[in-house]
Amino acid sequence: MRRIFIDCRERIPCDPCQHACPTGAIHIGRDITALPQIRPELCAGCLRCVAACPGQACFLIDPDYGHGEATVDFPYEYLPLPPAGAAAEARNNLGETVCTGRVVQVLSPPGGDHTHIVRLAVPADKAVQVRGIKPWRG
């Protein structure tokens with residue numbers, strides 16, 4: 001089951017993830033510069049926070065995708081979009097290659113304002129390191 005993972009590192013005025021979450025799994029509170037607190041057990045896996053976060057710090061991870069793989073859902077704002085089934089270079093926060101992943105699906109959630117979401121299958125032990133992929137060139 002996919003659950004929210006937030007890698008927000010800066011205390012700046014920001015709270016779109018909290019407002020996008022229909023289940024209350026993300027909480028900022030009265031101090032709009034506070035880092036988000038999450039309650040993963042409340043996450044419905046709707047992807048609204050992933051599309052809404054201007055800092056691209058929200059991810060959904062399914063640690064048990066199968067056959068030793070996990071999936072990571074992350075925002076993707078480049079064109080062209082990678083096709084399902086394509087191999088992609090998974091990258092961490094520093095832009096370093098973590099592993100090779102496989103694009104499972106590219107989603108366009110409502111309210112995402114042109115932000116697509118890539119679902120990438122990666123080795124399960126690498127999932128929490130993955131923040132995106134090398135831009136797809138086709």
Side-chain angles (χ1 to χ4, degrees):
M1 176 175 278
R2 291 189 313 270
R3 291 290 185 230
I4 184 69
F5 177 81
I6 298 180
D7 190 16
C8 188
R9 297 169 180 225
E10 296 186 35
R11 293 182 58 95
I12 58 172
C14 188
D15 66 355
C17 59
Q18 173 181 267
H19 293 290
C21 183
T23 63
I26 304 170
H27 181 73
I28 305 286
R30 295 177 74 98
D31 178 2
I32 196 169
T33 65
L35 294 176
Q37 301 299 310
I38 59 172
R39 293 184 58 195
E41 70 278 6
L42 296 179
C43 179
C46 70
L47 298 170
R48 291 180 186 167
C49 61
V50 177
C53 177
Q56 298 187 341
C58 294
F59 307 88
L60 262 67
I61 297 176
D62 179 353
D64 300 314
Y65 183 62
H67 306 291
E69 289 184 317
T71 59
V72 182
D73 299 349
F74 54 86
Y76 189 81
E77 296 182 336
Y78 299 101
L79 292 175
L81 297 173
E89 203 174 298
R91 303 260 176 108
N92 64 15
N93 273 341
L94 300 175
E96 301 165 334
T97 299
V98 173
C99 62
T100 298
R102 178 178 35 81
V103 176
V104 174
Q105 189 175 13
V106 178
L107 305 154
S108 300
D113 194 28
H114 306 292
T115 296
H116 294 87
I117 296 173
V118 171
R119 180 166 294 153
L120 190 71
V122 296
D125 65 333
K126 303 291 185 187
V128 296
Q129 298 174 47
V130 174
R131 298 293 177 269
I133 59 172
K134 178 180 178 181
W136 184 255
R137 298 289 180 235

Chemist: The criterion is ring-ring contact (aromatic ring centres under 6.0 Å, His included); which residues satisfy it with Tyr76, sequence neighbours excluded?
Modeler: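 By the ring-ring contact (aromatic ring centres under 6.0 Å, His included) rule, Tyr76 matches Tyr78.
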
Chemist: Using side-chain contact (heavy atoms from CB on, under 4.5 Å) as the criterion, list what pairs up with Thr33, not counting sequence neighbours.
Modeler: Arg11, Pro13, Asp31

Chemist: With the side chain counted from C-beta on, respond yes when Trp136 and Val103 share a heavy-atom pair under 4.5 Å apart, and no when they do not.
Modeler: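 Trp136 does not reach Val103 side chain to side chain.
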
Chemist: How long is the gap from CG on Asn92 to CG on Asp7, to the nearest 0.5 Å?
Modeler: 10.5 Å

Chemist: Under the salt bridge (charged side-chain N to carboxylate O under 4.0 Å, His left out) rule, what pairs show up with a residue in residues 50-70, not counting sequence neighbours?
Modeler: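 Non-adjacent pairs meeting salt bridge (charged side-chain N to carboxylate O under 4.0 Å, His left out): Glu69-Arg102.
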
Chemist: Do Val118 and Leu79 sit in the same hydrophobic cluster, where Ile, Leu, Val, Met, Phe, Trp and Tyr count as joined when their side-chain heavy atoms come under 4.5 Å apart?
Modeler: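 As far as the 4.5 Å side-chain criterion goes, Leu79 and Val118 are connected within one cluster.
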
Chemist: Using every non-hydrogen atom in the two residues, find where Ala25 and Cys21 come nearest and quote the distance to one decimal.
Modeler: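 It is N-SG, 3.2 Å.
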
Chemist: Check His19 against Asp15 and note the closest heavy-atom contact, atom names and distance.
Modeler: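 It is NE2-OD2, 2.9 Å.
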
Chemist: To the nearest 0.5 Å, how far apart are CD1 in Ile38 and CD1 in Ile4?
Modeler: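 Answer for the CD1-CD1 pair, Ile38 versus Ile4, is 6.5 Å.
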
Chemist: Please determine whether residues Val128 and Phe74 belong to a single hydrophobic cluster, defined as Ile, Leu, Val, Met, Phe, Trp and Tyr linked transitively by side-chain heavy-atom distances below 4.5 Å.
Modeler: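 Looking at the clustering, Phe74 is in the same group as Val128.
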
Chemist: Which residues satisfy the salt bridge (Lys or Arg N to Asp or Glu O under 4.0 Å) test with Arg119, sequence neighbours excluded?
Modeler: Asp73

Chemist: Mind checking side-chain hydrogen bond (donor to acceptor under 3.5 Å, both in side chains) for Thr97 and listing every partner two or more places apart, or none if nothing turns up?
Modeler: Glu89

Chemist: How long is the span from the CD1 atom in Ile26 to the SG atom in Cys8, to the nearest 0.5 Å?
Modeler: 10.5 Å

Chemist: Would you call Pro54 and Pro16 a side-chain contact if the rule is heavy atoms closer than 4.5 Å?
Modeler: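 SC-SC contact between Pro54 and Pro16 confirmed.
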
Chemist: Tell me, yes or no, whether the heavy-atom count around Glu10 atom CD, taken from other residues, nucleotides or ligands under 6.0 Å, exceeds 12.
Modeler: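 Not more than 12 within 6.0 Å, no.
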
Chemist: Determine, using the 4.5 Å side-chain heavy-atom cutoff (strictly less than), whether Val72 and Val98 are members of one ILVMFWY cluster.
Modeler: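 Both belong to a single hydrophobic cluster.
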
Chemist: On the six-membered ring of Phe59, is Arg131 placed so that its NZ or CZ lies under 6.0 angstrom from the centre and within 45° of the ring axis?
Modeler: yes

Chemist: With sequence neighbours left out, write down each residue that passes side-chain hydrogen bond (donor to acceptor under 3.5 Å, both in side chains) with Gln18, or none if nothing qualifies.
Modeler: none

Chemist: Show the nearest heavy-atom pair for residues Ile133 and Pro82, with the distance to one decimal.
Modeler: CD1-CG, 4.0 Å

Chemist: Go through the steps for Ile28 and Cys17 under the test side-chain contact (heavy atoms from CB on, under 4.5 Å), then give the verdict.
Modeler: CA-CA 9 Å; Ile28 305 286; Cys17 59; 4.2 Å; yes

Chemist: Which atom names give the shortest non-hydrogen contact between Ala121 and Thr71, and what distance separates them?
Modeler: CA-CG2, 4.2 Å

Chemist: Ignoring hydrogens, what is the shortest heavy-atom contact between Leu60 and Cys46? Give both atom names and the distance.
Modeler: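 Result for this residue pair: CD2-N, 4.5 Å.
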
Chemist: Is there a path of hydrophobic side-chain contacts, each under 4.5 Å between heavy atoms, that joins Leu120 and Val106?
Modeler: yes

Chemist: Evaluate the side-chain proximity of Val122 to Gln129: yes if any heavy-atom separation is below 4.5 Å, no if none is.
Modeler: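 The answer is no, as the side chains (C-beta and beyond) never meet within the 4.5 Å cut-off.
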
Chemist: For the residue pair Pro123 and Cys99, what are the closest heavy atoms and their distance?
Modeler: CD-SG, 3.8 Å

